[in-house]
Amino acid sequence: MRRFRLHEPASVQEASQLLDQYGDAARIKGGGTELLVLMKMGLLHCEHLVNLKSVPGLDTIRYDEAT
């Protein structure tokens, strides 16, 4: 597996800035292992991995029938 830099943003704004800064060289990790498996297999390469797991407010999905 190629080397990459892991970023752990503390907010949605910081995550957005990282993704904007690194563009196509960045990938988002949301807690699953699929991305790392693909990287280990050599099927996916990225220079920057942005982990969203600890960003407040991104840990749940809500559905509101009224909207």
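What you see below is based on every heavy atom in this structure, not just the backbone, and it leaves out hydrogens, waters and symmetry mates. All figures in this text were calculated on a predicted structure; none of them were measured in a lab.
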Check [X] against [Y] and note the closest heavy-atom contact, atom names and distance.
X     : Y     : value
Val55 : Ser11 : CG1-C, 3.6 Å
Ser54 : Pro9  : OG-O, 4.0 Å
Val50 : Leu19 : CG2-CD2, 3.9 Å
Leu35 : Arg27 : CD2-CB, 4.2 Å

Distance in Å, [X] [atom1] paired with [Y] [atom2], rounded so as to fall on 0.5 Å steps:
X     : Y     : atom1 : atom2 : value
Glu14 : Leu52 : CD    : CG    : 10.5 Å
Tyr22 : Arg5  : OH    : CZ    : 5.0 Å
Lys53 : Ile28 : NZ    : CD1   : 16.0 Å

- In one Ile/Leu/Val/Met/Phe/Trp/Tyr side-chain cluster, 4.5 Å: Met41, Leu49: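 Linked, Met41 and Leu49 end up in one cluster.
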
- Query: Quick one: do Leu6 and Leu38 end up in the same hydrophobic cluster if we chain Ile, Leu, Val, Met, Phe, Trp and Tyr together by side-chain heavy atoms under 4.5 Å apart?
  - Reply: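 Same hydrophobic cluster.
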
- Item | Minimum side-chain heavy-atom gap Met39-Phe4 below 4.5 Å |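 SC-SC contact between Met39 and Phe4 confirmed.
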
- Task: Would you check, one step at a time, whether the test side chain to side chain contact (heavy atoms under 4.5 Å, CB included) holds for Leu18 with His48?
- Result: CA-CA 9 Å; Leu18 287 165; His48 300 272; over 6 Å; no

